[in-house]
Amino acid sequence: MNKNLIIYNTLTRKKESFKPQNPPLVGLYVCGPTVYSDVHLGNCRTFISFDLIYRYLLHLGYQVRYVRNITDAGHLEGDRDEGDDKFAKKAKLEKLEPMEIVQKYTIGFHDIMRLFNTLPPSIEPTATGHISEQIEMIKQIMNHGFAYEINGSVYFDVEKYSKTSHYTILTNRQLDDLLVNTRELSGQDEKKGRLDFALWIKAKPEHIMRWPSPWSIGFPGWHIECSAMSHKYLGDHFDIHGGGMDLAATHHTNEIAQSEACNHKQPAKYWMHTNMLTVNGARMSKSAGNGFLPMELFNGNHPLLKRGYSPMTVRFFMLQAHYRSTLDFSNDALDASDKGYKRLMNAVALLNKLKSSNQSDFDIQSIQERCYAAMNDDFNSPILISELFEIVRIINSIYDGKVQATEEDLKIIRKLIQHFVFDVLGLKEEEHQADDMGKIVDWIVQLRTEAKANRDFVTSDKIRIGLQALGIQLKDNKEETTWSKIN
RNA sequence: GGUCGGGUGGCCGAGUGGCUAGGCAGAGGUCUGCAAAACCUUUUACAGCGGUUCGAAUCCGCUCCUGACCUCCA
């Protein structure tokens with residue numbers, strides 16, 4: 001098995017050969033969602049990208065421990081120490097307990113992930129389930145002199161840390177510029193330095209989500225949870241840490257600082273960042289009002305959508321772009337992906353009907369090599385997909401009897417489809433023929449075949465056109481009639 | 001203002017010095033009772049200007065446009 005995997009590492013801004021520390025084990029940590037509202041499509045892109053990465057690592061034979069957290073506490077509105085907890089705020093709005101909010105949106109998140117056919121992570125820890133680990137870590141950081149307590153809250157001392165470590169290693173910014181250009185925020189008076197960030201925040205009396213600590217009854221800062229949980233499940237120094245690009249400058253920068261201040265080690269060897277989903281060139285976000293909820297996309301119920309698209313179409317659409325590129329969302333782009341995806345799956349459905357010959361008119365070995373080369377080059381799924389369409393052409397040509405294939409090559413084709421279409425890209429057939437409706441359609445198609453055999457084309461056309469109006473498309477071949485659903 | 005990206009044919013989107021990306025759309029053809037599908041062939045391209053080079057979409061410089069981050073955000 002070819003394992004010359006190359007990964008782009010944000011730490012070094014270079015593509016590097018992937019060398020896990022303890023092969024075949026791989027530790028992978030990805031920053032998960034904050035479950036105070038529905039995930040939107042942009043969030044989904046990140047998790048689908050890391051699903052591809054996870055799946056390919058598994059395919060290469062690595063034993064991956066994939067940790068993806070659920071943030072269910074700690075976020076403040078506007079990062080002000082006085083701000084409301086997002087969960088408490090949402091709870092007030094929906095007249096629910098904060099933990100009801102957490103439960104509701106965690107379930108919603110899992111439902112969406114399942115629809116997108118992403119594999120569940122090995123461990124999905126929650127921030128509220130790891131308060132004591134976070135407190136322990138804050139203690140360590142204080143012991144090492146990189147944090148200080150004021151009025152029951154604890155802050156990380158960025159200026160002190162940056163004297164011995166490279167605070168802005170992920171973004172390459174100059175600390176002086178940051179000091180000058182960081183916006184003045186209210187509620188920062190008690191911090192020593194304006195770049196300092198909260199590790200522990202003393203709760204105001206009305207604050208519902210609160211825990212005891214050596215400093216005050218309060219709640220943890222946002223960044224510390226990921227550091228504490230990644231450390232607990234993956235150790236001081238694990239292989240890959242990932243997340244959306246928008247997290248690099250703040251969240252990940254602070255994670256690195258906390259982990260180094262605590263453990264004297266850079267927490268991860270490779271940092272991977274996925275790019276944003278855009279709409280009309282601008283980043284999709286809730287505040288901009290251009291965000292789609294996955295369900296809106298599936299059922300087409302949104303002013304910017306002319307129709308709905310299935311989860312697999314959306315997944316395929318996302319995989320047709322590289323994870324480090326922005327991807328622009330549009331109806332036309334989705335339409336194109338929808339047709340491309342159907343074309344791919346139609347060819348896959350023909351696999352078991354192919355007849356072998358004594359020779360092959362194509363070189364499947366070199367296509368196989370190119371598939372691996374594409375994925376080994378920093379998970380280049382668009383190139384992989386272009387190779388798969390090469391295979392689609394071959395499958396269709398064999399089916400049409402225009403190209404010959406040996407039984408051995410057919411086996412390789414079936415294996416490649418299984419490995420890359422299903423295992424790595426994580427696509428699945430949106431089944432239709434197994435259910436009752438499918439049996440009924442099969443029977444109607446059979447009636448039409450009989451009508452055709454009797455040259456009763458009036459009846460056969462009536463059936464074909466009628467089914468089409470109901471969203472079922474027939475395809476006549478020399479030997480049989482197949483059908484598929486259309487949108 | 002700072003940091004880091006981008007500008008590729010009608011649309012989406014790969015590609016980083018010479019060799020077809022791919023999908024969708026368009027055109028012609030084959031097949032077919034018709035339709036669809038499929039297959040074959042095929043048109044349209046690298047923001048602008050200058051430079052390096054035998055050769056640049058790809059490297060360098062300048063200009064224009066644009067995005068992300070710097071504030072919670074995948």
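Letters A, B, ... are given to chains in the order of the sequence lines, protein chains preceding strands, and every chain is numbered from 1.
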Point to revise | OP1 or OP2 of B:A74 under 4.0 Å from side-chain N/O of A:Asn43 | key: yes
Exercise for review: Can you tell me, in whole Å, how much space there is between the C1' of B:A14 and that of B:A21?
Suggested key: 6 Å
Point to revise | Distance between C1' atoms of B:G9 and B:U43 (Å, rounded) | key: 10 Å
Revision key, fill the gap. Picking from B:C11, B:C69, B:A74, the nucleotide nearest the side-chain atoms of A:Ser330 would be B:C11
Check your understanding: By centroid distance (under 5.5 Å) and plane angle (under 30°), are A:Phe389 and B:G22 in a stacked arrangement?
Key -> no
**Study point:** Nearest-Å distance once atom C1' is located in both B:A47 and B:A57
**Key:** 11 Å
Review point. So, does the side chain of A:Ser386 form a donor-acceptor pair with the base of B:G23 at under 3.5 Å?
Key: no
Review point. Do A:Phe50 and A:Tyr29 have ring centroids that are under 6.0 Å from one another?
Key: no
Review point. If you measure from the Lys or Arg side-chain nitrogens to the Asp or Glu carboxylate oxygens, is any gap between A:Arg448 and A:Asp461 under 4.0 Å?
Key: no
Exercise for review: Take atom P in B:C69 and the same atom in B:U63, then report the distance between them in whole Å.
Suggested key: 25 Å
Exercise for review: Could you check whether the rings of A:His273 and A:His252 sit parallel, tilted or perpendicular, using 30° and 60° as the cut-offs?
Suggested key: tilted
Check your understanding: So what's B:A68 paired with, Watson-Crick or G-U wobble, going by both distances under 3.5 Å?
Key -> B:U3
Review point. With respect to the side chain of A:Asp400, which nucleotide from B:C24, B:G33, B:A38 is positioned closest?
Key: B:A38
Revision key, fill the gap. Looking only at B:C12, B:C24, B:A74, the nucleotide nearest the A:Thr46 side chain is B:A74
Exercise for review: Check every atom of B:C70, B:C39, B:A35 against the side chain of A:Thr250 and return the nucleotide holding the closest atom.
Suggested key: B:C70
Check your understanding: Are the aromatic ring centres of A:Phe292 and A:Phe329 under 6.0 angstrom apart?
Key -> yes
Check your understanding: So does A:Lys342 pair up with A:Asp338, basic N to acidic O under 4.0 Å?
Key -> yes
**Study point:** Given B:A68, B:G23, B:C12, the nucleotide with the shortest approach to the side chain of A:Arg343
**Key:** B:G23
Review point. What integer number of Å spans the C1' atoms of B:U16 and B:U8?
Key: 13 Å
Study note, to complete from the structure: Checking B:A74, B:G33, B:A14 against the side chain of A:Asp246 (C-beta onward), the nearest is B:A74
Check your understanding: Across the strands shown, which category fits A:Ala336 at heavy-atom distances under 4.0 angstrom: base, sugar-phosphate, nothing?
Key -> base
Review point. When only distance counts, do a donor and an acceptor, one from the side chain of A:Asp461 and one from the base of B:G33, lie under 3.5 Å apart?
Key: yes
Check your understanding: Does a nitrogen or oxygen in the side chain of A:Arg393 sit under 4.0 Å from OP1 or OP2 of B:C40?
Key -> yes
Check your understanding: With respect to the side chain of A:Asn380, which nucleotide from B:C24, B:C69, B:G15 is positioned closest?
Key -> B:G15
**Study point:** Phosphate OP1/OP2 of B:G5 contacted by A:Asn275 side-chain N/O (<4.0 Å)
**Key:** no
Review point. Between B:A14, B:G22, B:C39, which nucleotide gets closest to the side-chain atoms of A:Ser325?
Key: B:A14
**Study point:** C1' atoms of B:A74 and B:U42, separation to the nearest Å
**Key:** 42 Å
**Study point:** Proximity to the side chain of A:Asn396 - top-ranked nucleotide from B:C69, B:C24, B:A38
**Key:** B:A38
Exercise for review: Using the P atoms only, state how far B:G67 lies from B:C12, rounded to an integer number of Å.
Suggested key: 15 Å
Point to revise | Distance flag, aromatic centroids of A:His241 and A:Tyr270, threshold under 6.0 Å | key: no
Study note, to complete from the structure: Among B:A74, B:U30, B:C12, the one nearest any side-chain atom of A:Lys402 is B:U30
Exercise for review: Using the C1' atom as the reference point in each nucleotide, state the distance between B:A56 and B:C70 in Å, no decimals.
Suggested key: 35 Å
Point to revise | Separation of atom CE in A:Met375 from atom P in B:G22, rounded to whole Å | key: 20 Å
